[in-house]
Amino acid sequence: MDFIQSENQIMIAQMLRDFAEKEIKPFMKQWDDDEYFPIDTMKKLGDLGLLGIFIPEEYGGAGFTYDEYATAVMEIGKVCGGLGLSVAAHNSLGTGHIYYHGSEAQKKKYLPKLATGEWIAAWALTEANTGSDAMRMQTTAVKEGNDWIINGSKNWITHGLSGDVAVVLVRTGELLDSNGITAFIIEKGTPGLSAVKIKDKLGVRASETAEMIFDNVRVSSDQVIGEVGSGFKQAMQILDGGRISIASLSCGIARGALEASIKYSKEREQFGHAISQFQAIAFKLADMATSVDAAELLTFQAAYLKNNKLPMTKEGAFAKYYASEVAVKCGNEAVQIMGGYGYTKEYPAEKYLRDAKLMTIGEGTSEIQKVVISREILK
Ligand code: COS
C-alpha cells in the first residue's frame with residue numbers, strides 16, 4: 001500500500017476542486033431543494049474522463065486504478081454527496097458490471113458510450129420486498145426462442161429513469177438457487193420498460209432514484225451477461241468493488257464535514273474566544289480527524305487489493321461499514337458544532353448529515369457489512 005498520493009491522484013483532486021467551484025457549489029443547493037439530477041454536470045464529468053475512471057483506454061475509459069477512482073469520488077463527496085453517489089454508481093455498478101462480466105462484443109458496444117458519459121448507466125438488483133435478501137428477488141425472465149421475456153419491478157435504482165442502459169438482475173431459475181439469477185443489459189426505450197422517480201428522499205437528493213417496471217420486456221439472448229444463472233455471483237463481486245465507492249464517498253462527506261467544522265469553529269466566538277479554543281470542540285475535531293483518516297486508510301487498503309486482483313470481500317466491507325458510520329458521525333458532529341446555524345440549510349452541516357445517512361444503507365447496510373465481515377473472519 002502506498003501512503004503517498006500519486007501524481008494522477010493529486011491532479012484529479014485539483015481538477016475536481018476547480019470543477020466544484022464553478023460547476024457544483026453554485027448549483028448544489030438548488031439541486032438539493034428541487035431533487036434535480038444534474039445530468040449535464042454528469043456529462044461534463046464524462047468529458048473529464050471521470051465516468052470511466054478504471055475502464056481501460058481501449059474501451060474509451062481513463063485507464064486509472066481504484067486509487068484514482070477513490071480520490072475522485074472522495075473529492076466530489078466533499079462537496080455534494082448526491083452527485084458523488086451518481087458518479088460512483090455509474091462507474092462501479094452499471095459500467096463496472098459490463099466491464100468485468102460482459103462479452104467482448106458487449107464491452108465494445110457499451111463501454112465507449114458509458115465511459116465518456118454519452119450514456120448513463122443504472123444497475124438494478126433491489127426490489128420493493130428484497131433489499132438485503134437479494135437472493136429472493138421476484139422479477140423473472142422466461143426464455144422464448146432466442147429471446148427472454150422479463151416481468152416484475154426493481155426499486156431504489158440510481159438512474160432508473162434517466163439511465164440509457166441498465167444492468168438488471170433477474171430470476172431465471174428456482175427461488176433461493178444461487179445459480180438461478182441472470183444479468184441482462186436492457187436499453188432505455190425497450191418496449192414494456194417504464195420507470196417512476198422516487199421523491200422526498202432525506203439526502204443524496206441530486207442523485208436520481210427510481211422504480212423500474214418490466215411488463216413483458218423482450219430482450220435477446222445477446223443481452224445476457226456471462227452465463228445464464230451466474231448473475232447472483234456476478235452481483236456479489238460487483239458489490240465488493242462497489243463498497244470501495246461508497247466507502248470513498250463516505251470519506252469525502254466526512255472530510256467535507258470536518259473541514260466545514262474547522263472553518264466554523266475558528267470563526268465563531270463565544271465567551272470571548274473562538275470556539276475551537278475550547279477543549280469540548282477541539283476534542284470533537286480531533287476525534288473526527290482521526291476517524292476520517294482511519295476510514296481513508298481502510299478504503300485505500302480495499303482499493304490496493306482490488307488493483308492487485310486480490311480477494312477483498314472482507315476489506316471492502318470493513319471500508320464501507322466503517323467509513324459510512326464515520327460519515328454519519330462527522331455530519332452529526334458538524335451540526336452540533338455549528339449549533340442553531342448547523343440546523344439550517346444556510347450552512348452545509350445538515351446536508352452532510354442527510355447525505356451521509358444513505359451511506360449506511362445503500363449498497364449493503366451496515367448490518368449486512370457485519371454479516372459479510374463476521375462470515376469471513378469465522379471461515
Ligand atoms: N463474491 C463471489 N461470490 C459470492 C460472494 C462474493 N462476494 N458472496 C457470496 N457469493 C456466492 C457464495 O459463494 C454462494 O455460492 P454457492 O451457492 O455456489 O455456494 C452464493 O453466492 C450465495 O451466497 P450466500 O449463500 O452467502 O447468499 P445469501 O443469500 O446468504 O446472501 C449476503 C449473502 C447477505 C452477503 C448477500 O445477500 C448480500 O450481499 N446482500 C446485500 C445485498 C445488497 O448489498 N443490496 C443492496 C444493493 S443496493 S445497489
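With a 6.0 Å radius and a threshold of 12 heavy atoms from other residues, nucleotides or ligands, K197 has its NZ atom above the threshold. Remark: E104 CD is packed, more than 12 non-hydrogen atoms of other residues, nucleotides or ligands lying under 6.0 Å away. Taking a 6.0 Å sphere around NZ of K345, one finds it holds more than 12 heavy atoms contributed by other residues, nucleotides or ligands. Residue L378 qualifies as enclosed at atom CG: its count of foreign heavy atoms under 6.0 Å is above 12. The number of heavy atoms from other shown groups lying within 6.0 Å of CD (E227) does not exceed 12. The number of heavy-atom neighbours closer than 6.0 Å to CG of D18, taken from other residues, nucleotides and ligands shown, is above 12. Remark: R136 CZ is loosely packed, at most 12 non-hydrogen atoms of other residues, nucleotides or ligands lying under 6.0 Å away.
Listed by first then second residue, pairs satisfying side chain to side chain donor-acceptor pair (under 3.5 Å) with a partner in residues 112-126 read H97-W123, not counting sequence neighbours. Residues in residues 41-56 take part in these side chain to side chain donor-acceptor pair (under 3.5 Å) pairs, two or more places apart or across chains: E23-K44.
In this pair, F278 and F271 present their aromatic rings perpendicular. The plane angle is above 60°, beyond the 30 to 60° band. Using cut-offs of 30° and 60° on the angle between ring planes, the pair Y264 and Y347 is perpendicular.
Salt-bridge annotation for K306 and D67: absent, with no side-chain N of the basic residue lying under 4.0 Å from a carboxylate O of the acidic one. For the pair E367 and K370, the salt-bridge criterion is not met [side-chain N within less than 4.0 Å of a carboxylate O].
Remark: I10 CD1 to Q5 CD distance equals 5.5 Å, nearest 0.5 Å. Residue K109 holds its NZ atom at 8.0 Å from CD1 of I185, rounded to the nearest 0.5 Å. Between the CE atom of M212 and the CD atom of E127 there is a distance of 12.0 Å, given to the nearest 0.5 Å. With values rounded to the nearest 0.5 angstrom, L85 atom CG is found 11.0 Å from I76 atom CD1. Q138 CD to S153 OG: the interatomic distance, rounded to the nearest 0.5 Å, is 10.0 Å. Rounding to the nearest 0.5 Å gives a distance of 13.5 Å between OG1 of T182 and CD of Q223.
Inspection of the E68 and T65 side chains reveals an N or O donor paired with an N or O acceptor under 3.5 Å. For the residue pair E333 / S261, no side-chain donor-acceptor distance below 3.5 Å is found, with atom types taken as modelled.
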Could you give me the CA-CA distance, side-chain angles and deciding distance for L45 and L83, then say whether side chain to side chain contact (heavy atoms under 4.5 Å, CB included) is met? CA-CA 10 Å; L45 288 168; L83 185 62; 4.0 Å; yes
Between Y69 and S245, does the side chain to side chain donor-acceptor pair (under 3.5 Å) criterion hold? Intermediate values first, please. CA-CA 8 Å; Y69 175 58; S245 306; 2.7 Å; yes
Residues K329, D287; criterion salt bridge (charged side-chain N to carboxylate O under 4.0 Å, His left out); working and verdict: CA-CA 10 Å; K329 187 179 91 175; D287 279 339; 5.8 Å; no
CA sep, side-chain torsions, deciding dist, call: S250, S324, side chain to side chain donor-acceptor pair (under 3.5 Å): CA-CA 5 Å; S250 302; S324 62; 5.0 Å; no
Verify side chain to side chain donor-acceptor pair (under 3.5 Å) between S220 and N146, making sure each step is shown before the conclusion. CA-CA 6 Å; S220 92; N146 193 42; 5.1 Å; no
Would you please test E75 and L50 for side chain to side chain contact (heavy atoms under 4.5 Å, CB included) and show each step? CA-CA 12 Å; E75 280 303 325; L50 298 177; over 6 Å; no
Chi angles and distances behind the salt bridge (charged side-chain N to carboxylate O under 4.0 Å, His left out) call for D240, K320: CA-CA 10 Å; D240 282 344; K320 199 273 183 187; over 6 Å; no
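With sequence neighbours excluded, the residues that form a side-chain contact (heavy atoms from CB on, under 4.5 Å) with L353 are V328, N332, V335. With sequence neighbours excluded, no residue forms a side-chain contact (heavy atoms from CB on, under 4.5 Å) with P311. Taking E57 as the reference, nothing meets the side-chain contact (heavy atoms from CB on, under 4.5 Å) condition, with sequence neighbours excluded. Residues forming a side-chain contact (heavy atoms from CB on, under 4.5 Å) with A62 (at least two apart in sequence, or on another chain): F64.
The two atoms that bring I157 and A122 nearest to each other are CG2-CB, 4.1 Å, heavy atoms only.
Cluster membership check: I368 does not share its hydrophobic cluster with F232, using side-chain heavy-atom separations under 4.5 Å among Ile, Leu, Val, Met, Phe, Trp and Tyr.
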